[in-house]
S.K.: 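Before anything else, here's the structure in question.
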Amino acid sequence: MAESRKPVISVHDLAKNYGELKVLRKIDMDIYKGEVVSVIGPSGSGKSTFLRCLNYLEELTSGEIDIGGVSLKGIDEDKHNKKLNEKAAKVIRKNVGMVFQQFNLWPHKTVLENVMECPVQVKKANKEETKKKAMELLARVGMDGKADAYPTQLSGGQQQRVAIARTLAMEPEVILFDEPTSALDPEFVGEVLNVMKDLAQAGMTMIVVTHEMGFAAEVANRVCFMDGGYVIEDGTPEEVFKHPKSDRAKQFFSKILNV
Amino acid sequence: MAESRKPVISVHDLAKNYGELKVLRKIDMDIYKGEVVSVIGPSGSGKSTFLRCLNYLEELTSGEIDIGGVSLKGIDEDKHNKKLNEKAAKVIRKNVGMVFQQFNLWPHKTVLENVMECPVQVKKANKEETKKKAMELLARVGMDGKADAYPTQLSGGQQQRVAIARTLAMEPEVILFDEPTSALDPEFVGEVLNVMKDLAQAGMTMIVVTHEMGFAAEVANRVCFMDGGYVIEDGTPEEVFKHPKSDRAKQFFSKILNV
Amino acid sequence: MNEFMHVAEIALPLLLQGLGTTAAISVLSILIAMVLGSAVGYMCLSKNKAVELIARAFIKIFRCTPFMVQVYLAYYGLPALGLNVSAFSTGVIILGMYTAAYTAVILESGVSAIPKGQFEASYAMGMSRFKTMVRIIFPQTLKIIVPSLTGQFVQTVKDSSILSIITVAEMTMMTKEAIGITFSPLIVYICAGVLYWALNLVIEFASRCIEKHNNRVAI
Amino acid sequence: MENFNIVWHYKDLLLKGLGYTVFVSVAAILIALCVGMLLSVMRMGGDSLPSRILKKIVAVYISFVRGTPVLVQIYIIYQALAVMGLNLSNLASGIIALSLNSGGFIAEIIRGGLTAVPKGQTEAARALGMSEPKILMRIVFPQVFKVALPQLTSEFINVIKVSPMLSVLAIVELTRTAQRLVTQTYINLPFYIAIAVMYFVICAGLEELVKLQKKRLERR
Amino acid sequence: GSSKNTGPLTLDQIKENGKLTVATEAAYEPFEYMDGDKIIGYNADLFAKICDDLGVELDYIDLPFQGILAGLEAKKYDVVGATLGVTAERAGKYTMTYPIQNGTTVFVKRKGDDSIKSIEDMSGKKVGTQTSCYNEDDTKKFNEKLKSEGKDGYAELLKYDSFPEAFAELKNGKIDLVAQNYASCAAVVMRNPDDYEIVADDSGKAEMVGTDTWVSWAVRKEDTELSDYINSEIHKFKEDGTLAELQKKWFGEAVDLPESDYIPAE
Ligand SMILES: Nc1ncnc2c1ncn2[C@@H]1O[C@H](COP(=O)(O)OP(=O)(O)OP(=O)(O)O)[C@@H](O)[C@H]1O
Ligand SMILES: Nc1ncnc2c1ncn2[C@@H]1O[C@H](COP(=O)(O)OP(=O)(O)OP(=O)(O)O)[C@@H](O)[C@H]1O
Ligand SMILES: [Mg+2]
Ligand SMILES: [Mg+2]
């Protein structure tokens, strides 16, 4: 990690409440270009919420997120931040892509149309060019053979690979993955993880919420363990898995790592 | 395994088609008292269908299943078998319980009512006694504290434990499990597997379709590997996992066992 | 405003008189619809193809023709068949049958919304088809269909207005009469609209209470 | 039997009435779709005061439309348009009345259909930077209309079925034609049976057609 | 529709529009009824002549009777040319033109129904009329009068959407009497002499219910130019014999009609 460079994403004091419920409490995190950060932790610890805040799919309660010079701010500090956030989100979403657990492909469009939709509609890109690029991306995830299929005709693993291609089509600097393999049949997990490995090797900056400890250990160069809305552990996979500092992490790993 | 005893379940030449699709092709299998059989195999290989035939949730196309002296027969041989099967199913379902992937608890009844419903309605058992026994069973799966809760108020793991208690209440000789943990959050898988371990140790005959290789290796005393509607491998966990005879099984394990 | 009060003063007594008839017709028709509709709905789920076909034909005929035309047919057709029933009874019967067709569809769709696993778990536990329906499926179905049933019954109240064409003195008939006296159709119709609305809000309120009760009992 | 010959004698008039019925219904349902979409969009607004008021208005509107007979609504709209000084033809007033009525129902259908579009679908679009109107028009509504096709069809059939009430505005659609012929010939049953069959063919035919189309869509 | 202006409608405007819009319910033999998809009848003939004289087209529209006066106020048309009984209420709200026929209510029974010998024999009979028609009012009042005399009154008063429906019901026995204006009843009986007859006294003269009533058309109160013109036309038709001729054609007899004091007191 090159601490001297400017971080791609910089999170300060981020907190998020749902009414009374404090889901994120006080998160500080800098993420640098080329990092692959794996976020792990028990159910309900706030992993998804954290990811969703980075993309402004959730309103921030307080604190600040800075991405590429544009920032989102908590509305507790100032109600008017909401309007500003909505503007900022337009820029941020161009830099930050997201891949969901449930793939969320649009079922009424073919694979190719799914990939082309946003470049054409949002970036107003040329149709012919976009199509060429979309086919390249589909080839990269091994899905060029299914360009004209509808999502429901694909297996989960294939859908997720298309979803990744769709995100790549917007040429983001960072991609957020929220449990990208946990809705998949075990046999298809591998193919999606391989695509992600390739992305990591190609230098893509990625934040991955996952239960796949194998992937976290092998591919990530940084692991964050969350619990109760806090980031409790943050370090290399070696540090976090082998020598967790907190009891909560120790306990969690003991449950997950052996049946 | 005591090969000399009469099998509890005896399957001869079982085949099952959905229209043109051959889902089970030619299955022969004897299952003896106290055996814990783990059925594994890729998605679509026919594992669920096999289990559902044993309980007559599916019509058999051809072949025969004999359970406790009563038999189900394929309707390809004789259409009238359908009527006979329906009668036989009434007896068979008393001997064979089933636990589903999606738990399928009845949402409009409390935990206790779920467990009591069938003994009272089907076996016409005495209410007071059934209640006593139901509470014992709930205690056995660690759910006696939630007797008056409704299913939706429980976690997945808790629901599955109740579903097991509900099945036990009918005092079956064999219990069929269809991926009992795959709808659970990872943190809750252990508690259900532990209940199943206890049952196995108490001598219950069980057939378990599962993706939990750890459980298959540790608890089962027999593993069947299915593919394309055939049982390709059938032996001890040691034999099947370590020295699979077929290439298909080798390939499958290589994908599943390491990321 | 003055005119409004004046017209309302003349119209309301008449309208309230009609409201009673409207309520009576609605209640009786809904009762018929519940009994007949459940029977037709159960027939739709039957394994016997002939039984199912009869039920489907019943539904189709009643759903695919305007209620107004059904009313005319019943009013002129029943006497032609030698049945001498009053206009009121004709109205109740035809509205009951019309609503029954919709009730049957709602019931059937409610049953199909219950996950297959609920049936299978019951069969696997040794329950009979009938027991499964009565003890496991229908109780869950009822909960699901309360909103659609409410919608249908509100519709029934409104459809009763069409019975004015066969001399039934329900609220719409009284509305016409009040207009004949006051010559202020807009005001009278607004009064009538509000009364219908109020009647239906009562139904909706009752249904919401039932839903709340359901939610409290089993989540 | 000879009575049915009379029906045959007037077949041209009846078919003309049928044509009117179809025209009025199609026009009304098309406008109603727009009204329905507009109402649902108004109902999706956030928690700010204006959008809360808007939501309340929509709620009252829908409740009124659903709670009062169409006949009453037709009269109220007919009179209200006149009071507002809009001098529209009866045909236009009738179509507007039907659309405003049906629009309320369609808004409810869309609301139901919206729950069938997983939240993830819109989130994926949002995360990819699509604007909210685009998300609605390109991602949400196409899916809503697909899942809600059966309900939308039965709403269309409903429009056909309530169109006879437009006879009170002198729109000579099918039922009004039959009524006229009945008063002219003093023969009732054969005419009413004839138009019942005509309505049945139209409505049941439409239902079957949509079912077929839906099956074709599902095959892909 | 007719005038877009808010002020009263003038004859010039009508001429400019090129048409006079007249609303009626064409289910009222022989005043106005459908022949194929054309409205014909006594009123139809009169309006055709009036429009001819004015040099404009007749825009004749067929509407259900119940809402017809409302549409006049809403300026949907210029004249309600339906057969309106002249009542104090109606005259209070609209200008009622000179009468064009005698509209006193009479009863029609099934031909040969011996249980009804005079209009006093109403005990336990079912009577039909049309909703919101002025005959309904007279029929109700007559019932009250019978009751005040200690008689039983009607078994039931049924209100139909239109008179033909009521006559059909009378024929098939669902009701025993229809109450409608004399002129129409005379025409109905004239065309169906085997089915119906008017309830008459011993001398065979039709028995009238209540006081003499006249029928005419309604025009908005402010449109005085139009109502005056129509009145002048009716007057002219009386003078030149057109009216008597048309009455003979449609009703079989001519009737004397007043031009003043035809509006009853409240
Ligand atoms: N829209 C919401 N309204 C209220 N509470 C919410 C909402 N979304 C999430 N929560 C709550 O916030 C907490 C954190 O949820 P989150 O989805 O971030 O957890 P997670 O770590 O991703 O868990 P999992 O591993 O199950 O996905 C949970 O307690 C959840 O119930
Ligand atoms: N009702 C049905 N109609 C038609 N085909 C069916 C039906 N049920 C199952 N199948 C097909 O039968 C095959 C075997 O299905 P089955 O559910 O038994 O597989 P499985 O081994 O349990 O897979 P999984 O691990 O995904 O649960 C599949 O190809 C499936 O599509
Ligand atoms: Mg999550
Ligand atoms: Mg399965």
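Every value quoted in this text rests on a predicted model; they were computed, and no experiment measured them. Within every chain, numbering begins at 1; the chains are lettered A, B, ... in the order of the sequence lines, protein sequences first and strands thereafter.
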S.K.: Using non-hydrogen atoms and a 4.5 Å limit, figure out which bit of V91(B) sits close to chain C: side chain, backbone, both or neither.
M.R.: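 Answer is neither: V91(B) stays 4.5 Å or more from chain C.
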S.K.: Evaluate the side-chain proximity of Q121(B) to M125(C): yes if any heavy-atom separation is below 4.5 Å, no if none is.
M.R.: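 No, side chains not in contact.
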S.K.: Nearest 0.5 Å, what's the CD1-NE2 distance between I137(C) and H108(B)?
M.R.: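 Atom-to-atom, I137(C):CD1 and H108(B):NE2 are 8.0 Å apart.
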S.K.: If you count every heavy atom of other residues, nucleotides or ligands that lies below 6.0 Å from F130(C) atom CZ, does the total exceed 12?
M.R.: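 At most 12 heavy atoms, drawn from other residues, nucleotides or ligands, come within 6.0 Å of this atom.
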S.K.: Can you check whether K109(B) reaches I136(C) side chain to side chain, under 4.5 Å on heavy atoms?
M.R.: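 Heavy-atom side-chain distance check passes, below 4.5 Å.
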S.K.: Please output the residues of residues 86-96 of chain C in contact with chain B, using a heavy-atom cutoff of under 4.5 Å, in numerical order.
M.R.: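 Not one residue of residues 86-96 of chain C has a heavy atom under 4.5 Å from chain B.
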S.K.: Compare every heavy atom of F100(B) with every heavy atom of A121(C), then report the nearest pair and how far apart it is.
M.R.: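 Taking A121(C) first and F100(B) second, the nearest heavy atoms are CA-CE1, 3.6 Å.
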S.K.: Do E120(C) and M98(B) pass the side chain to side chain contact (heavy atoms under 4.5 Å, CB included) test, and can you show the C-alpha distance, the side-chain angles, and the key distance before you say yes or no?
M.R.: CA-CA 10 Å; E120(C) 292 188 339; M98(B) 182 146 181; over 6 Å; no
S.K.: Among K94(B), R166(B), Q102(B), single out the residue with the greatest number of heavy-atom pairs under 4.5 Å to chain C.
M.R.: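 Answer, by heavy-atom pair count under 4.5 Å with chain C: R166(B).
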S.K.: To the nearest 0.5 angstrom, please state how far the CD atom of E117(B) sits from the CE atom of M127(C).
M.R.: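 That separation rounds to 4.0 Å.
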S.K.: Around atom CZ of R56(C), are there more than 12 heavy atoms of other residues, nucleotides or ligands at under 6.0 Å?
M.R.: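 Yes.
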S.K.: For the interface with chain C, which of V122(B), T167(B), N104(B) has the highest count of heavy-atom pairs at distances below 4.5 Å?
M.R.: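 When all of V122(B), T167(B), N104(B) are compared, N104(B) has the most.
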S.K.: Contact between P107(B) and Q118(C) at the side-chain level, heavy atoms closer than 4.5 Å - yes or no?
M.R.: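 They are in contact (side-chain heavy atoms under 4.5 Å apart), so the answer is yes.
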S.K.: Evaluate whether atom NZ of K82(B) has more than 12 neighbouring non-hydrogen atoms of other residues, nucleotides or ligands under 6.0 angstrom away.
M.R.: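 No, the 6.0 Å shell around NZ holds no more than 12 heavy atoms from other groups.
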S.K.: Should we count NZ of K60(C) as having more than 12 external heavy atoms under 6.0 Å?
M.R.: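 Count over threshold, so yes.
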S.K.: For S122(C) versus W106(B), what's the shortest heavy-atom pair and its separation?
M.R.: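 Looking at all heavy atoms of both residues, the shortest contact is OG-NE1, 3.4 Å.
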S.K.: Using non-hydrogen atoms and a 4.5 Å limit, figure out which bit of L105(B) sits close to chain C: side chain, backbone, both or neither.
M.R.: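 L105(B) touches chain C through backbone heavy atoms alone.
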S.K.: Out of V99(B), L57(B), T110(B), return the one with the most heavy atom pairs under 4.5 angstrom to chain C.
M.R.: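 Looking at each of V99(B), L57(B), T110(B) in turn, L57(B) comes out on top.
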S.K.: Are more than 12 heavy atoms from other residues, nucleotides or ligands located less than 6.0 Å from atom NZ of K124(B)?
M.R.: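 Enclosed.
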